[in-house]
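Every heavy atom of this structure was used, including side-chain atoms; hydrogens, water molecules and symmetry mates were not. Bear in mind that the values here come from a model prediction, so they are computed numbers and not experimental data.
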Amino acid sequence: MIDINLNKMVINSKKVGVSLSGGADSAILFYHACDVLPDKTYYVFSGYDTRRPDSIFYAMAVYQFIKDKFPKVNIMPHY
């Protein structure tokens with residue numbers, strides 16, 4: 001769980017950068033952040049891993065799922 005009461009930087013920020021790999025860890029963190037901090041603007045980016053070339057497709061699917069699940073959260077285009 002994200003404990004926003006202890007982190008002033010999270011409370012005061014308006015923009016959040018999310019590195020979305022397509023794996024479980026980043027997907028859960030992104031989902032939970034949108035759930036707990038819906039007033040932030042999220043900038044989501046992914047890289048292309050030559051050792052796991054299919055991971056970009058998982059990242060794109062996770063991005064779209066979360067964007068659909070939280071339509072009122074300001075999630076910028078996926079880069």
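Contacts classified as salt bridge (Lys or Arg N to Asp or Glu O under 4.0 Å) and involving residues 35-50 (residues at least two apart or in different chains) are given here: D49-R51.
For S26 (side chain) and S21 (main-chain N/O), a donor-acceptor pair under 3.5 Å exists by modelled atom type. No donor-acceptor pair under 3.5 Å is formed between the side chain of S46 and the backbone N or O of A59.
The same ILVMFWY cluster, assembled from side-chain heavy atoms under 4.5 Å apart, contains both F65 and V44. Cluster membership for Y58 and I75, using ILVMFWY side-chain heavy atoms within less than 4.5 angstrom, is not shared. Under a hydrophobic-cluster definition in which Ile, Leu, Val, Met, Phe, Trp and Tyr are linked whenever side-chain heavy atoms come within less than 4.5 Å, directly or via other members, F57 and Y48 are assigned to the same cluster. Taken together through direct or relayed side-chain contacts under 4.5 Å among Ile, Leu, Val, Met, Phe, Trp and Tyr, V16 and V62 form part of one hydrophobic cluster. When hydrophobic clusters are built by joining Ile, Leu, Val, Met, Phe, Trp and Tyr residues whose side-chain heavy atoms come closer than 4.5 Å, directly or via intermediates, F45 is not grouped with Y43.
Here CZ of F30 is found 8.5 Å from NZ of K67. Values are rounded to the nearest 0.5 Å. Note that the OH atom of Y63 and the OH atom of Y42 stand 13.0 Å from one another [nearest 0.5 Å]. The structure places CG of L20 at 9.5 Å from CG of L29, a figure rounded to the nearest 0.5 Å. With rounding to the nearest 0.5 angstrom, the NZ atom of K15 is 10.5 Å from the CG atom of N74.
Applying the 6.0 Å contact sphere to CG of D54 captures more than 12 heavy atoms from other residues, nucleotides or ligands.
Relative orientation of the F70 and Y31 rings is perpendicular, given thresholds of 30° and 60° on the angle between their planes.
With sequence neighbours excluded, no residue satisfies side chain to side chain donor-acceptor pair (under 3.5 Å) with S55.
Between T41 and K14, the closest side-chain pair of non-hydrogen atoms is not below 4.5 Å.
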